[in-house]
Amino acid sequence: MNAATLPTISLFDTMTGRKQELQTLEPGHCGMYCCGPTVYGLSHLGNARAALVPDVMVRFLRHQGYEVKYVRNITDIDDKIIKLGSEEGIPAQEVADRYAAEYKRDMADLNILDPDVEPRVSEHVPQIVDLVQTLIDKDLAYEVEGDVYYRIKNFKGYGKLSKRNIEEMLESAGSRIDVDQRKESPLDFALWKAAKPGEPGWDSPWGQGRPGWHIECSAMSSTHLGDSFDIHGGGRDLIFPHHENEIAQSQGAHGEDTYARYWSHNGFIDFDGEKMSKSLGNFFTTREITALYDPEAVRYFLLTVHYRSGLNFEVEVKCPSCGALMDKEGQESGRCPTCETETPTDVLRKQVRFPGLEEADDRMAYIYSTLSQARRFLATAKKPGNEEPVTSGVEGMLMTFVAHMRNDFNTSGALGALSKALGEVNGLLDSGKGVSKAVRYLTIERFVSDMAEVADILGCFGQDPDQWLANRRDGKAARMGLDIAKVENLLVKRTTARGDKDWEAADRIRDELTELGVGVQDGPDGSVWSFL
RNA sequence: GGCGGCAUGGCCAAGUGGUUAAGGCGACGGUCUGCAAAAUCGUUAUCCCCGGUUCGACUCCGGGUGCCGCCUCCA
């Protein structure tokens, strides 16, 4: 793509603390590295968001004409993995492989595309050893008894990403954790850790050992994107120490003007206003959520808030015995504050409700149903021979959508741009009153084709609408234990009653359906049902 | 304690000094309907407080207040 035709895209850069115009190293190309998971357990929703945010960025950059090389690593050498392996009596690598596969499955469920390269630490040990040696040669690292530490006082930019200064950090160092006395400075961090007996190890000039936590990203990004590349992303919490240390390592080895040109960090997911943590009640794995709600609705919900903001999941748990809403203490203890019944917490977990996700799911259904009707209309109506302008909301939809996306990937604003078009199209679908046949057809046609572009960018609304709607219905029916045959049967009876204008009987049947949690919609072509 | 972020209608949430301050949910009213539902249309905010810069600030600066995060493994 010609540089002159590239659109202006701004993104927030953590290093400078403001939005910057994206100027890639090579016009039209974009190299992007994101910190992927450490695979010691099932992914949680925070992992999902951290993968989703760059996924949408990459999709959008590609839509805008960039050739993107997207690298997301898998950290498969780590203390927690080793610990788990020894607990289970299997090699650490087996643990890592297992959870890497599960991660892949969870991400695929959420329609998150595979990165172009998904490097693993275990496959880059030689590059890591080289990098550590370079740092030692440059006096930026030192060896102690088989461990290698980064010598922070010799890297003058330390703290520039997280805006901390070394003196202040030294003052508080050691107040929260014990400092290894062999380190020259409490702030020095491990590049290489000597293997203890029984631990997995790789050969190195300093003996058997394994990489420290931060070095892998420096080594793997260089390997796959070069010493300098465009965007480096990850969760907010990685700013310090992880990314700060990456900078020290990579710029220490390759020069001050190298490494990531832009730093992008996504916000956290909270449950009931609290950061997700492993304490019961607000820690949810990706698949716990996707078992309860359609994965695409989950994806949509995550995109309704700007990626740098925190995203709160409201959590509702009803007491199984009295039906009252349980407060946070109740959720944690399992004891209902209203009727004092004790319920095992694992039972409570399975009937958690997330009102935000329900709303998102309803919205998805609205959009897919609009798409479905639009397609049906286009399949039966005749394409007009003349050209006429489409209605204003549909006309402006894609342009407004893209403008929001160019402004720091503002998915929330972008999503808002769909509403007017959706309203207009549903209006036209309902009736052609007041507009010409050409306007009606062309507007609906344009909407369907522009929505396909939106779907490519967001990774939402791209499925076959009828298929999606059917899946949703079946899934909900199964979760509610609804007998669909019974519903259909009642619907037939009611249609007969309505044909006889027996309104009393029709309304009685409708009440019966309401009891089942089912609503009916009567239309000119008969009646259909949906969930209330 | 240090550093960073946030504060917009009943709730959620965009907002790039001058815009009628998006959009969603909810509520209320209309159209449609046998009645409903769905769909659709309309109504529903002056942006935490105090100063400052400016012709003009929700938007920039300073000071409060209140939340939250990072500083230890964490997305």
Side-chain angles (χ1 to χ4, degrees), chain A residues 8 10 14 17 19 34-38 40 43-54 78-80 159 161-165 167-169 171-173 175-178 187 213 233-242 244 265-270 273-278 301 304-306 308-312 314 355-356 358-360 362-363 365-366 369-370 373 400 403-404 406-408 410-420 422-431 433 498 501-504 506-507 510-511 513-514 518-524 527-530 532:
Chain A
T8 302
S10 71
T14 307
K19 275 187 212 171
C34 281
C35 291
T38 302
Y40 62 95
S43 74
H44 58 240
L45 225 46
N47 294 308
R49 191 183 195 195
L52 172 63
V53 166
D78 169 86
D79 292 1
K80 289 186 287 288
L161 181 70
S162 54
K163 276 74 178 171
R164 292 155 208 255
N165 77 61
E167 286 73 45
E168 282 170 359
M169 287 166 70
E171 279 174 33
S172 60
S175 62
R176 301 178 71 175
I177 46 159
D178 292 336
L187 300 181
W213 175 34
R236 247 180 144 68
D237 56 329
L238 295 181
I239 296 172
F240 189 89
H242 188 57
E244 197 69 70
H265 293 99
N266 62 268
F268 277 107
I269 283 177
D270 293 347
E274 273 184 13
K275 180 184 163 179
M276 176 166 63
S277 79
K278 292 222 172 187
F301 181 61
T304 56
V305 176
H306 187 90
R308 281 191 285 117
S309 304
L311 199 173
N312 187 44
E314 207 184 317
E358 259 156 54
E359 191 182 315
D362 287 345
R363 185 73 179 162
Y366 165 74
S369 125
T370 306
Q373 289 170 258
T400 310
H404 275 107
R406 284 179 180 162
N407 179 22
D408 195 25
N410 185 352
T411 52
S412 184
L415 250 9
L418 308 184
S419 293
K420 187 142 183 283
L422 252 355
E424 284 175 0
V425 168
N426 272 303
L428 291 172
L429 253 11
D430 272 357
S431 103
K433 250 195 290 181
R498 290 186 75 232
K501 295 200 190 297
D502 183 355
W503 308 126
E504 260 179 64
D507 290 352
R510 185 164 62 197
D511 289 343
L513 287 163
T514 306
V518 165
V520 280
Q521 289 88 250
D522 300 327
S527 303
V528 292
W529 65 276
S530 66
L532 290 171

Could you tell me how far apart [X] ([atom1]) and [N] ([atom2]) are, to the nearest whole angstrom?
X      : N     : atom1 : atom2 : result
A:L429 : B:A38 : CG    : P     : 17 Å
A:D408 : B:A14 : CG    : C1'   : 13 Å
A:L513 : B:C35 : CG    : C1'   : 16 Å
A:H306 : B:G5  : NE2   : P     : 14 Å
A:K501 : B:C35 : NZ    : P     : 11 Å
A:M169 : B:C70 : CE    : P     : 15 Å
A:I239 : B:C70 : CD1   : P     : 11 Å
A:D78  : B:C73 : CG    : C1'   : 9 Å

Just to be sure I understand the rule, does [X] reach a base, reach only the sugar-phosphate, or reach nothing, if contact means heavy atoms closer than 4.0 Å?
X      : value
A:F240 : sugar-phosphate
A:L238 : sugar-phosphate
A:S419 : sugar-phosphate
A:G46  : base
A:V305 : sugar-phosphate
A:H44  : base
A:L418 : nothing
A:D507 : base
A:R308 : nothing
A:S369 : nothing
A:D522 : base

Could you walk me through whether A:E359 and A:F301 pass the side-chain contact (heavy atoms from CB on, under 4.5 Å) test, one step at a time? CA-CA 9 Å; A:E359 191 182 315; A:F301 181 61; over 6 Å; no
Looking only at side chains, do [X] and [Y] share a donor and an acceptor under 3.5 Å apart?
X      : Y      : value
A:S527 : A:R510 : no
A:H265 : A:T14  : yes
A:D408 : A:S10  : no

Of all the choices, [options], which nucleotide is nearest to the side chain of [X] once you look at every atom?
X      : options             : result
A:K163 : B:A14, B:G4, B:C70  : B:G4
A:E168 : B:G34, B:G15, B:G2  : B:G2
A:R164 : B:C73, B:C70, B:A75 : B:C70
A:Q521 : B:C70, B:G15, B:A38 : B:A38

Going by side-chain contact (heavy atoms from CB on, under 4.5 Å), name the residues that satisfy it together with A:D237, two or more places apart in sequence or in a different chain. A:F268
Restricting to side-chain contact (heavy atoms from CB on, under 4.5 Å), what partner residues turn up for A:V305, sequence neighbours left out? A:R49, A:S309, A:L311
Closest non-hydrogen atom pair, A:S412 against A:H306: CB-N, 4.1 Å
Closest non-hydrogen atom pair between A:D270 and A:K275, with its separation: OD1-CA, 3.4 Å
Taking OP1 and OP2 of B:C3, is either one under 4.0 Å from a side-chain nitrogen or oxygen of A:N165? no
Any side-chain N or O of A:S309 less than 4.0 Å from the OP1 or OP2 oxygen of B:A14? yes
A:V528 side chain reached by A:V520 side chain, heavy atoms, under 4.5 Å: no
Heavy-atom distance under 4.5 Å between the side chains of A:M169 and A:P241, does that happen here? no
Nearest-angstrom distance, [atom1] atom, [N] to [M]:
N     : M     : atom1 : result
B:G24 : B:U44 : P     : 14 Å
B:C25 : B:C68 : P     : 30 Å
B:A75 : B:G69 : C1'   : 13 Å
B:G15 : B:G9  : P     : 16 Å
B:U20 : B:U46 : C1'   : 12 Å

Do A:R510 side-chain and B:A37 base share a donor-acceptor contact under 3.5 Å? no
Summarise how protein sits on nucleotides 39-48 of chain B as a single string, 5' to 3': B when a protein heavy atom is under 4.0 Å from the base, S for sugar-phosphate-only contact, - for no contact. BS--------
Between the protein and nucleotides 57-61 of chain B, are there any N/O to N/O pairs under 3.5 Å, and if so, what are the atom names and distances?
none

Give me, pair by pair, the N or O atoms of the protein and of nucleotides 25-32 of chain B that are less than 3.5 Å apart, along with how far apart they are.
residue: B:C25; atom: O4'; partner: A:E359; partner atom: OE2; Å: 3.1

Steps toward side-chain hydrogen bond (donor to acceptor under 3.5 Å, both in side chains) verdict (A:N426, A:T370): CA-CA 6 Å; A:N426 272 303; A:T370 306; 3.0 Å; yes
Note: for A:S530 and A:G36 on RNA chain B, the residue whose nearest nucleotide lies more 5' is A:S530
Kindly indicate, with the supporting measurements, whether the criterion side-chain contact (heavy atoms from CB on, under 4.5 Å) is fulfilled by A:T304 and A:L415. CA-CA 7 Å; A:T304 56; A:L415 250 9; 4.2 Å; yes
Using atom types as modelled and distance alone, determine if a side-chain donor or acceptor of A:E314 lies under 3.5 Å from a backbone N or O of A:P355. no
Can you tell me which stems involve RNA chain B, if a stem is defined as three or more consecutive Watson-Crick or G-U wobble pairs, both distances under 3.5 Å? B:1-7 with B:65-71, B:10-12 with B:23-25, B:26-31 with B:39-44, B:48-52 with B:60-64
Basic-acidic side-chain contact under 4.0 Å: A:K420, A:E424: yes
